[in-house]
S.K.: 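Structure in structure tokens, see below.
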Amino acid sequence: MKKKRIIAVVVVIALVAAVIFVVSAAGAANAATSHIAVESIVRDTIVNTVTSRGEVALLNTETIFSNALAEIEYVYIERNDMVREGDVLLRFTERSLERLENRVREAELALRSAEINLADSRMPAGETTIESSRLAVMQTEQDIVNLETTIETQRRDLERLQTRIADQQRIYDSNRALFELGAVSQDTLDNLERALRDLRDEFENFENSLARNELSLDALRQTLSHRESLYSETRTRTDMQEVQNLIAQRQISVEQARMRLNDARRELEDFSLEVIAPMSGTITMLSVSRGETIIADRPIIEISDVENFVVRMDVNERNAAGLAIGQDVEITGAVLGRLSVYGEITRIGSIAEQRQTANGMERVIPIEVKVHPSAEADVLRPGFSLDGRITLEVKENIVVVPILATMRDRDGDTFVFVVRYDNALEQRVITLGLYADMTVEAIGIYEGEVIVSQPTLDMYEGMIINPLNPADIEA
């Protein structure tokens, strides 16, 4: 009888333990689903933007190139000067025009000579022709030797003259110091200055003469090469095949001479003694000075409209499809402090370019932004670095959800947990649209519905939760 009572007690204890376990488990489950943050779906406005680094650049700039070998007589402008369209910027010397005219005449004579040689090559060369050709070569060789001697002498004279100028400069400088102390008269100082100026003029004349002789030497060497070739040809002009080859070569020489003549004529036609401003603006580059001889195709002057500028930026190719002319751009930068200026896109590049960026090499689309006039924009200058925030798209009054509220299922579909009226979870697949910083457009869910703010991996369809509104958390 005692044994049966012991068994009964054990059974009761086991039942009580089981009940306690079930109650504890239920309590634990209830605790796990307590205090789940939720929020109601609302409508909002989403603005899709992209940021880019840029630089202020001039919009209208004209670069003037020299179109011939010419010497500058006067320069009427300085860097940062304001000029108007039609103003005379600089003037070349008359010698420059004469040099171009002489070049045309030389090209005409060269063409005529080539035509005569072509006609002459159709007949066998006689002894007189051969001898004349040989003498022409010898005379040219002697002319080269004489001119080389002259040039070498001129170079030595220039070196000595340069030394004299340096000595005269030192004398002038020391006497000027004495003049300031009252130890030297004004006449003495003027005479010394005049002597220094005369030496410099003499040096400039010597230098110009040397340059002309060096050009003549180059021409003589070309003439020698041509005459040596003629001499060789006249000596061998007996075989018919050689004659035919010679004729073909001289036909080419005639054509080349005609092309050089046409080039010289065009250069003369394009040349003007005065360089005229093609537009109104500011001189932003001046690379020449009075007395300087410049070569053809060298950039010498740049005129810019400094009042009109753009901000040039590069936008990553991923965002290129969203760009459009007229889009708003907010511009910030160190020069603006905490202020912003605004503008709009006025140009979008048609070709992607490879650029080095903070993220490495990227393909970008170059754009130009016109800044709207404002007091803040007046501080902007070409070369300043700026940042731009471009508004790609704006959607108003759309349903949005927090990005943290979205999850993906095994099939890759995006979903949120909707809290039903009975606090059970519904796994709702949605389609995402435009993104903002912390929210995203959602299609498939409706204003006023309640969702879990930050779902976890252990949540599932039908799960009962204890929703906690964010307002309750703040309270």
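Note that these values count all heavy atoms, side chains included, but never hydrogens, waters or copies made by symmetry.
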S.K.: Is it true that Glu274 and Arg91 have a side-chain N and a carboxylate O under 4.0 angstrom from each other?
M.R.: yes

S.K.: Can a salt bridge be assigned to the pair Glu108 and Arg105 using a cut-off of 4.0 Å between side-chain N and carboxylate O?
M.R.: no

S.K.: Salt bridge check: are Arg200 and Glu207 linked by an N-O gap of less than 4.0 Å?
M.R.: no

S.K.: As a test of understanding, state which of Val275, Val288, Thr293 forms a side-chain contact (heavy atoms from CB on, under 4.5 Å) with Ile72.
M.R.: Val288

S.K.: Would the distance check show the side chain of Arg347 and the main-chain N or O of Ile367 forming a donor-acceptor pair, the cut-off being under 3.5 Å?
M.R.: no

S.K.: I want to check something: taking the side chain as every heavy atom from C-beta on, are Thr332 and Ser340 in contact at a cut-off of under 4.5 Å?
M.R.: yes

S.K.: Inspect the contact between Arg160 and Asp157 and indicate whether a charged nitrogen and a carboxylate oxygen are less than 4.0 angstrom apart.
M.R.: yes

S.K.: Quiz question: by atom type and distance under 3.5 Å, do the side chains of Ser96 and Thr93 form a donor-acceptor pair?
M.R.: yes

S.K.: Check this for me: does any side-chain nitrogen of one of Arg408 and Asp413 sit under 4.0 Å from a carboxylate oxygen of the other?
M.R.: no

S.K.: Answer yes when Arg99 and Glu267 have at least one side-chain N-carboxylate O distance shorter than 4.0 Å, and no when they do not.
M.R.: no

S.K.: Only one of Val401, Val416, Val400 clears side-chain contact (heavy atoms from CB on, under 4.5 Å) with Ile41; which?
M.R.: Val401

S.K.: Taking NZ, NE, NH1 and NH2 as the nitrogens, is one of them in Arg260 or Asp263 under 4.0 Å from a carboxylate oxygen of the other?
M.R.: no

S.K.: Does the pair Arg43/Glu447 count as a salt bridge with the N-to-O cut at 4.0 Å?
M.R.: yes

